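Pasting in a structure now, in structure tokens, and then I'll have a few things to ask.
Source: prediction; values computed, not measured. As the structure lists them, so they are numbered: ligands from 1, and atoms in each ligand from 1.
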Amino acid sequence: MVGVTDHIEQPRPAVGPLRIGPFVVDPPVVLAPMAGVTNLAFRQLCRRFGDGLFVSEMVNARGLMEDGEKTWQLASFGPEEPRRSLQLYGTDPVVMGAAVRRLVERDHVDHIDLNFGCPAPKVTRHGGGAAVPARPALFGAVVTAAVDNAGAVPVTVKMRIGLDEDRVTFLEAGRRAADAGAAAVALHARTARQRYSGRARWSAIAELVEALPGTPVLGNGDIWTASDALAMIERTGCAGVVVGRACLGRPWFFGQLADLFAGRPIRPEPPLGEMAVIATEHARLLTEAIGERRGMQMMRKHMGWYLTGYPVGSTVRRSVTALSTLADLEALFAPLDPELRIDPAAAAAPRGTQAGPHEVVVPDGWLDADAIEPPDARADALVSGG
Ligand SMILES: Cc1cc2nc3c(=O)[nH]c(=O)nc-3n(C[C@H](O)[C@H](O)[C@H](O)COP(=O)(O)O)c2cc1C
């Protein structure tokens, strides 16, 4: 779809294959689970540019067990998805184990990722999200319950450095995850306090790699360009990279990553005309999946990202808030110059939320006792976030 004519020559990097249980993920690239973003339409679109592992939006384990219609819709895959990769959120080993069992018994998934990185106060306050790894026994029990019920389906874990710089959890949690049989551990190298602000501390990824010699470690945080991915692997020794915000409005980033790992010249950012074709296809896929009204509502935020860095002016940018139909989208692009190029600095610049820092509150005494008892159900009340 995107013209491959660039000129940034790269030697083929000496990067080994990423193995996650029975899978070889080549190139060693994972689409980060992003609630409200990495739905079927977006995964389908990203995959067209380059291979990798494309993880679903976060799905609530309790919601699955309660047979919530919305929850199961979030958990849906397309027939052409070669590896159905689902991210689960839960804090109770019993609920998590049951949800994993149900997914596996229904042959619904090929890979399960467990989310332990959510910094949202509404769950950490009750012991959920990023607060779970702060209780290693509970954390280990949740991972064990998932692995024990997953059969041959590999289970991976995604977490942060800790609650904040004084309450670091990743090394202990990483060891517990590996002991429980996790097939890989991904580290978003920020604390929950940082949320999405500041810089990811890649040195923590290197520490985790060293601490888990038998388990693939995936590095995550602040990969904005293909060369950032290589730099992370070289600096940390991680087995693969997880990319999130860099592909917001840039699904072709997976093509650039594929080029990099294949040693090909990295394809350039597309001119506006090509971007318009891709964004329109995104809107079409969303419409197919969830209907035109909801699809186009969702497309408004994506269009903000697609237009980032293209010199289209503020009137066009503002007009995305009024998008209601596919025809509106076509009308938005029609008068624009298809040859317009994105400012390269803007393409490589951080995009998406940079929110934070924010104080992290956990229940009283949460850090004093390493209890295995799950927190109360309010800790499970998460339908989005990470
Ligand atoms: C909109 C959005 C939604 C997210 N939702 C989730 C989620 O559901 N589960 C999760 O583990 N992480 C979630 N994250 C975090 C990302 O997976 C990733 O760890 C984070 O963005 C850092 O990677 P990046 O610097 O490449 O963006 C979300 C991030 C964003 C921006």
Side-chain angles (χ1 to χ4, degrees), residues 29-39 42-43 46 52-61 63 71 74-75 85-91 111-120 122-124 128-130 132-133 142 155-161 170 173 177 184-192 194-202 204-205 217-226 228-229 231-233 236 238 240-251 253-254 256-257 298 300-302 304-305 308 348-356 380-386:
V29 169
V30 180
L31 168 63
M34 287 185 281
V37 175
T38 60
N39 51 24
F42 191 67
R43 297 193 304 270
C46 289
L53 184 65
F54 298 84
V55 187
S56 77
E57 303 184 74
M58 188 198 76
V59 172
N60 188 300
T71 310
L74 283 178
S85 172
L86 182 126
Q87 189 186 54
L88 265 185
Y89 173 80
T91 61
H111 162 235
I112 292 172
D113 182 52
L114 305 179
N115 176 356
F116 293 106
C118 183
K122 70 174 183 180
V123 289
T124 61
V132 176
V142 178
V155 173
T156 59
V157 160
K158 182 165 176 284
M159 59 189 187
R160 289 184 180 241
I161 288 177
F170 73 102
V185 177
L187 182 64
H188 176 190
R190 282 189 173 79
T191 61
Q194 279 181 285
R195 290 189 165 210
Y196 297 95
S197 68
R199 297 286 298 273
R201 181 155 67 78
W202 287 5
I205 300 168
V217 170
L218 304 174
N220 174 228
D222 290 348
I223 291 176
W224 302 107
T225 63
D228 287 343
M232 180 189 272
I233 291 177
T236 68
C238 64
V241 295
V242 182
V243 297
R245 291 165 295 168
C247 58
L248 297 175
R250 277 175 86 219
F253 189 44
F254 287 91
Q256 297 179 331
L257 291 164
M298 188 170 274
R300 295 174 189 168
K301 72 180 174 198
H302 287 285
W305 293 320
T308 297
R351 52 177 59 211
T353 180
Q354 324 277 312
D380 269 354
L382 188 65
V383 285
S384 67

- How long is the span from the OG1 atom in T156 to the CG atom in L53, to the nearest 0.5 Å?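 Result: 7.5 Å between the selected atoms.
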
- Heavy atoms only: which of Q87, R245, R351 is nearest to atom 11 (O) of ligand 1?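 The nearest heavy atom belongs to Q87.
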
- Minimum-distance pair of heavy atoms, taken over all atoms of W224 and D228: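 Nearest pair, atom of W224 first, then D228: N-OD2, 2.8 Å.
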
- Query: So, the side chain of R199 versus the backbone of D222: is there a donor-acceptor pair under 3.5 Å, distance only?
  - Reply: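 No.
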
- Query: Does some non-hydrogen atom of Y196 fall short of 4.0 Å from ligand 1?
  - Reply: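 True for this residue.
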
- Message: Would R160 and Y196 count as a cation-pi pair here, with the cationic atom under 6.0 angstrom from the ring centre and within 45° of the axis?
- Response: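 Here R160 passes the 6.0 Å and 45° test against Y196.
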
- Query: Would you say ligand 1 has an N or O under 3.5 Å from any N or O of M34?
  - Reply: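 No; the residue has no nitrogen or oxygen that sits under 3.5 Å from a nitrogen or oxygen of the ligand.
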
- Distance-only N or O hit between ligand 1 and D222, under 3.5 Å: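 N/O-N/O distance under 3.5 Å: yes.
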
- Of the choices G129, A35, A32, which has the non-hydrogen atom that lies closest to atom 5 (N) of ligand 1?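 Nearest option to atom 5 (N) of ligand 1, by heavy atoms: A35.
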
- Using a 4.0 Å heavy-atom threshold (strictly under), name the region of K158 that reaches ligand 1: side chain, backbone, both or neither.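 It is the side chain that gets close, since no backbone atom is under 4.0 Å.
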
- Message: For the residue pair R201 / Q194, report whether a side-chain donor-acceptor contact shorter than 3.5 Å exists.
- Response: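 Result is no, nothing qualifies.
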
- Task: Specify side chain, backbone, both or neither for H188, according to which of its non-hydrogen atoms lie closer than 4.0 Å to ligand 1.
- Result: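 Side chain only; the backbone of H188 stays clear of ligand 1.
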
- Message: Between ligand 1 and P33, is the shortest N or O to N or O distance under 3.5 Å?
- Response: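 The answer is yes, given that P33 and ligand 1 share an N or O pair closer than 3.5 Å.
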
- Message: For the backbone of N60 and the side chain of D380, can you confirm whether one donor and one acceptor N or O come within less than 3.5 Å of each other?
- Response: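 Here the side-chain-to-backbone pair does not exist.
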
- Might you work through the side-chain contact (heavy atoms from CB on, under 4.5 Å) test for F170 and V185, ending with a clear yes or no? CA-CA 10 Å; F170 73 102; V185 177; over 6 Å; no

- Query: Quick one: does N115 get an N or O within less than 3.5 Å of an N or O on ligand 1?
  - Reply: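 Indeed, backbone or side chain, N115 has an N or O that close.
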
- Message: Tell me whether G221 reaches ligand 1 (any heavy atom closer than 4.0 angstrom to a ligand atom).
- Response: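 Yes, G221 has a heavy atom closer than 4.0 Å to ligand 1.
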
- Task: Ignoring hydrogens and angles, tell me if any N or O in the side chain of K301 forms a donor-acceptor pair with the backbone of G36 under 3.5 Å.
- Result: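 Yes; at least one donor-acceptor contact below 3.5 Å.
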
- V37 to ligand 1: N or O pair under 3.5 Å?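 Between V37 and ligand 1 (N or O atoms, distance only) the closest approach is not under 3.5 Å.
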
